[in-house]
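Here is the structure we will look at, set down as structure tokens.
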Amino acid sequence: MTERNVSPGRWLLIAAYFVSTALGHLRFSDWLVEPRTIEWQGRTLAYAYRDALPVVLPLAALLLLAWLLRDAARQGLGRRTGVVAAYWLLWAGCVAAVDRWLTFSLPEYAHYPQYGLLAWLIARALDPDRQTWPVGRVLFWTTLLGAVDELSQYLWITARHSGYFDFNDVLVNLLAATLGLMVFYGFRAPPAPSAAPARAPVEAWVAGLLVLAACALLYSGLMVATPPQAIPPGGIAPGPQGGLTLYLQRDPGYHGSWQAGVWRARHWVLAPWQGLGLMLLTGLAWCPWRRLGRS
């Protein structure tokens with residue numbers, strides 16, 4: 001089966017999943033951090049569901065490790081096993097670095113299952129029989145949808161709480177996409193390269209159009225990285241040209257600076273060029289994944 005005859009139902013499922021998780025972001029966050037009380041042995045105990053995360057996250061990591069070991073045993077040992085294991089170690093190192101320097105609070109770990117599942121669904125829609133391995137395409141669409149989600153949060157869904165377009169979270173969404181991709185293909189060996197002539201994928205055209213659009217917005221002053229002064233929630237305010245302008249942060253002091261955190265004492269807020277650079281490096285690291293260590 002090829003991606004051309006995949007049922008549209010899979011794409012409808014992807015759309016429904018993405019829209020529901022994007023629109024439900026604020027509600028889920030409030031549910032996770034909302035203070036609650038329980039009566040126990042005559043005492044009133046206060047808690048929130050996020051308090052369980054220090055236990056849930058290591059347990060989830062152990063379950064993932066158990067699945068990896070089981071999948072490696074089922075697929076058999078070969079050259080590919082070492083490559084996949086190395087990529088999992090690279091992924092764990094990236095997650096640890098993000099946790100140490102870029103994570104504001106533990107609930108942000110919800111991005112990993114959210115966008116890992118989205119990448120899994122996209123990979124299943126593009127390659128239901130695991131025959132073509134469209135690694136770059138899966139990462140592109142998942143990350144693009146993650147950026148759309150973050151933009152909608154900044155402009156609308158969580159405008160009251162969002163002080164800037166969060167490149168940290170977009171990077172986490174990309175790492176989550178690599179998680180879903182590696183879970184979908186596991187320790188399988190990729191197919192031999194096709195002899196068909198290469199042609200520019202639609203993703204290349206979409207990326208080119210997005211770059212041109214961003215350059216046009218920046219050149220025209222309709223999009224500005226830093227406002228001259230603090231602006232109201234929503235990120236849109238009168239610009240230097242007199243019309244409305246999209247500012248990527250509501251205050252000059254966010255991007256490219258250390259900010260107070262909840263999980264760590266402080267975390268680094270990526271500037272646009274830093275976030276885009278790290279995402280590019282991550283994509284360049286994972287795109288060769290399918291070509292390495294063929295058995």
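Computed from a predicted model, the values in this text were never measured in an experiment. Basis for what follows: all heavy atoms, side chains included, without hydrogens, waters or symmetry-related copies.
Identified under the side chain to side chain donor-acceptor pair (under 3.5 Å) test for residues 69-78, with sequence neighbours left out: none. Pairs passing the ring pair (Phe, Tyr, Trp, His ring centres under 6.0 Å) check and including a residue from residues 241-265, sequence neighbours excluded, read Tyr164-Tyr254, Tyr164-His255, Phe167-His255, Trp258-Trp268.
Under the 4.5 Å side-chain contact rule for hydrophobic residues, Leu280 and Leu174 do not share a cluster. In terms of hydrophobic clustering, with Ile, Leu, Val, Met, Phe, Trp and Tyr side chains grouped at heavy-atom distances under 4.5 Å, Val138 and Leu12 are assigned to different clusters. At a threshold of 4.5 Å between side-chain heavy atoms, the hydrophobic network of Ile, Leu, Val, Met, Phe, Trp and Tyr places Val56 and Trp31 in two separate groups. If you chain together hydrophobic residues whose side chains sit under 4.5 Å apart, Val83 and Leu69 never meet in one group. At a threshold of 4.5 Å between side-chain heavy atoms, the hydrophobic network of Ile, Leu, Val, Met, Phe, Trp and Tyr places Val262 and Val95 in two separate groups.
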Q | Intermediate values then yes/no, side chain to side chain contact (heavy atoms under 4.5 Å, CB included), Leu181 and Thr142 | A | CA-CA 10 Å; Leu181 189 72; Thr142 309; over 6 Å; no
Q.
Using side chain to side chain contact (heavy atoms under 4.5 Å, CB included), reason through Trp88 and Leu64 one step at a time and then give a plain yes or no.
A. CA-CA 11 Å; Trp88 275 107; Leu64 178 59; 3.9 Å; yes
Q: Check the pair Asp166 / Phe104 against side chain to side chain contact (heavy atoms under 4.5 Å, CB included), numbers first and verdict last.
A: CA-CA 11 Å; Asp166 200 339; Phe104 169 71; over 6 Å; no
Q: Could you walk me through whether Leu102 and His267 pass the side chain to side chain contact (heavy atoms under 4.5 Å, CB included) test, one step at a time?
A: CA-CA 5 Å; Leu102 303 180; His267 71 292; 5.8 Å; no
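At a cut-off of 3.5 Å, with distance as the only test, a side-chain donor of Ser257 or Gln259 sits close to an acceptor on the other residue.
Residues Pro134 and Asp127 approach most closely at CD-CB, 3.7 Å, considering heavy atoms. Minimum heavy-atom separation, Leu90 to Ala285: CD2-CB, 4.5 Å. Among all heavy-atom pairs drawn from Leu144 and Leu210, the shortest one is CD1-CD1, 3.7 Å. For the residue pair Ser162 and Arg250, the shortest heavy atom distance occurs at O-NH1, 3.1 Å. Closest approach of Gln131 and Pro191 over heavy atoms only: O-CG, 2.8 Å. Between Ala177 and Ala119, the shortest heavy-atom distance links the atoms O-CB, 3.4 Å.
Between Gln249 and Pro227 the shortest side-chain heavy-atom distance falls below 4.5 Å. Between Leu155 and Leu246 the shortest side-chain heavy-atom distance falls below 4.5 Å. The shortest distance between side-chain heavy atoms of Tyr87 and Thr178 does not fall below 4.5 Å. The shortest side-chain heavy-atom distance between Gln114 and Phe18 does not fall under the 4.5 Å cut-off. Residues Pro107 and Val33 form a side-chain contact, since some pair of their non-hydrogen atoms from C-beta on lies under 4.5 Å apart. Two residues are said to be in side-chain contact when any heavy atoms from C-beta on lie closer than 4.5 Å; Thr103 and Arg264 fail this criterion. Residues Ile122 and Leu145 have side chains in contact (heavy-atom distance under 4.5 Å, counting atoms from C-beta outward).
Classification of the Tyr109-Tyr112 ring pair by plane angle, with boundaries at 30° and 60°, yields tilted. Taking the six-membered ring for Trp and thresholds of 30 and 60 degrees, Trp133 and Trp289 have ring planes inclined between 30 and 60 degrees apart.
The backbone N or O of Gln153 sits less than 3.5 Å from a side-chain atom of Thr158, completing a donor-acceptor pair. Between the side chain of Arg291 and the main chain of Pro190, no donor-acceptor pair closer than 3.5 Å is present. When atom types are taken as modelled, the side chain of Thr245 and the backbone of Gly221 share a donor-acceptor pair closer than 3.5 angstrom. Side-chain atoms of Thr143 never come within 3.5 Å of backbone atoms of Phe140 as a donor-acceptor pair (strictly under, hydrogens ignored). One N or O on the side chain of Ser220 and one on the backbone of Leu217 form a donor-acceptor pair closer than 3.5 Å.
The line from CZ of Arg36 to CG of Leu45 is 15.0 Å long, rounded to the nearest 0.5 Å. Considering CG of Leu26 and CD1 of Ile157, their distance stands at 8.0 Å, rounded to 0.5 Å. Atoms OG1 and CZ, on Thr81 and Arg188 in that order, are 12.5 Å from each other to the nearest 0.5 Å. Leu126 CG to Arg10 CZ: the interatomic distance, rounded to the nearest 0.5 Å, is 10.5 Å. With values rounded to the nearest 0.5 angstrom, Arg137 atom CZ is found 8.0 Å from Thr132 atom OG1. Note that the CG atom of Asn173 and the CG atom of Asp169 stand 6.5 Å from one another [nearest 0.5 Å].
Evaluated for a side-chain contact (heavy atoms from CB on, under 4.5 Å) with His111, the options Asp149, Val170, Val172 yield exactly one hit, Val172.
In this structure, Arg80 forms no cation-pi arrangement with Phe187, as its terminal cationic atom is not both closer than 6.0 Å to the ring centre and no more than 45° off the ring axis.
The side-chain contact (heavy atoms from CB on, under 4.5 Å) test applied to Trp273 returns Ala271, not counting sequence neighbours.
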